[in-house]
Amino acid sequence: MAVNVEVTDDAVTITLSGLDRVAALCHRCTIPIEAIAAARVVPVAEPRATLGWRTGGSYFPGCIATGWYTIKQRKGARQLWVVYRDHEVLVIDTTLERPAQIVLQTPARHDIAWFIGERLGRR
């Protein structure tokens with residue numbers, strides 16, 4: 001299971017492989033830097049409060065949330081989750097409807113949030 005996040009001056013590309021790819025029903029997601037509003041590391045309880053209906057992927061309470069979910073109180077908006085049992089996650093907010101938010105469990109979450117923040121500061 002692996003989540004690879006590549007941050008360039010133009011875009012953020014999230015690539016899933018192995019079981020993550022199967023469980024999330026997603027292989028790759030590319031978001032232009034212009035469409036990113038913020039990137040931050042937060043406790044998993046914060047984005048979990050917005051978790052709506054699963055539209056594709058896997059879910060087992062307290063264990064796994066991967067795939068596409070609706071966002072409570074935002075009709076038509078979707079979020080991509082790849083989270084297991086970690087207590088802290090990377091959240092990338094976008095100006096898009098799909099995905100409006102990306103929630104990832106990755107060991108390099110603090111570095112990735114910093115790299116994205118650096119790109120956002122250059123706009």
Side-chain angles (χ1 to χ4, degrees):
M1 295 185 290
V3 176
N4 182 32
V5 181
E6 181 183 351
V7 181
T8 65
D9 289 338
D10 300 325
V12 174
T13 302
I14 297 124
T15 307
L16 307 178
S17 62
L19 290 177
D20 285 332
R21 182 178 179 174
V22 174
L25 298 176
C26 179
H27 168 62
R28 177 175 289 128
C29 182
T30 301
I31 307 295
I33 286 292
E34 298 83 33
I36 296 178
R40 64 197 190 286
V41 177
V42 298
V44 74
E46 184 180 316
R48 186 171 283 146
T50 68
L51 198 61
W53 293 98
R54 178 171 39 106
T55 60
S58 303
Y59 181 78
F60 189 78
C63 211
I64 182 174
T66 62
W68 297 94
Y69 294 83
T70 61
I71 297 177
K72 291 180 182 176
Q73 310 302 327
R74 283 187 63 190
K75 186 176 180 176
R78 300 285 186 268
Q79 54 186 331
L80 175 63
W81 277 64
V82 183
V83 177
Y84 294 93
R85 294 181 182 213
D86 213 345
H87 299 288
E88 199 174 58
V89 293
L90 170 67
V91 176
I92 302 170
D93 295 312
T94 74
T95 58
L96 307 171
E97 285 293 311
R98 297 180 185 190
Q101 189 174 65
I102 301 168
V103 183
L104 301 174
Q105 175 180 320
T106 177
R109 58 187 161 258
H110 292 283
D111 294 334
I112 295 167
W114 183 82
F115 284 129
I116 294 171
E118 284 289 306
R119 293 339 183 259
L120 295 179
R122 294 180 189 170
R123 291 194 279 183

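Treat the numbers as computed from the prediction; the structure is a model and nothing was measured.
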Any idea which heavy atoms bring [X] and [Y] closest together, and the distance?
X	Y	value
Pro47	Val89	CG-CG2, 3.9 Å
Gly57	Leu25	N-CD1, 3.3 Å
Leu80	Cys29	CD2-CB, 4.3 Å
Ala77	Ala100	CB-CB, 4.1 Å
Cys26	Leu16	O-CD1, 3.4 Å
Val41	His110	CG1-CE1, 3.6 Å

- Task: Find the distance between CD1 (Ile71) and CD (Gln101) and round it off to the nearest 0.5 Å.
- Result: 5.5 Å
- Could you state the interatomic distance from CG (Leu104) to CD1 (Ile14), rounded to the nearest 0.5 Å? 5.5 Å
Side-chain heavy-atom pair [X], [Y] within 4.5 angstrom cut-off:
X	Y	value
Tyr59	Leu51	yes
Val82	Val103	no
Ile31	Pro99	yes
Asp9	Ile33	no

- Sub-3.5 Å donor-acceptor pair from the side chain of Arg98 to the main-chain atoms of Gly76, do we have one? yes
- State whether the side chain of Asp20 and the backbone N or O of Ala2 hold a donor-acceptor pair below 3.5 Å, judged by distance alone.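 Here the side-chain-to-backbone pair exists.
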Just jot down the side-chain hydrogen bond (donor to acceptor under 3.5 Å, both in side chains) partners of [X], sequence neighbours excluded, or say none.
X	result
Glu46	Arg40
Gln105	none
Asp111	none

- Message: Other members of the hydrophobic cluster containing Trp53, with the 4.5 Å side-chain heavy-atom rule, please.
- Response: none
- Item | Audit row: Ile102, Val91, side chain to side chain contact (heavy atoms under 4.5 Å, CB included) steps and yes/no | CA-CA 6 Å; Ile102 301 168; Val91 176; over 6 Å; no
- Task: Hey, could you give me each pair passing side chain to side chain donor-acceptor pair (under 3.5 Å) that has a residue in residues 61-80? Not counting sequence neighbours.
- Result: Gln79-Trp81
- Task: Any chance you could lay out the side chain to side chain contact (heavy atoms under 4.5 Å, CB included) test for Arg85 and Cys63, step after step, and finish with the verdict?
- Result: CA-CA 5 Å; Arg85 294 181 182 213; Cys63 211; 2.9 Å; yes
Is there a path of hydrophobic side-chain contacts, each under 4.5 Å between heavy atoms, that joins [X] and [Y]?
X	Y	result
Val42	Ile92	no
Val83	Val22	no
Leu120	Ile112	yes

- Task: Could you list the residues that satisfy salt bridge (charged side-chain N to carboxylate O under 4.0 Å, His left out) with Arg109, not counting sequence neighbours?
- Result: Asp86, Glu88
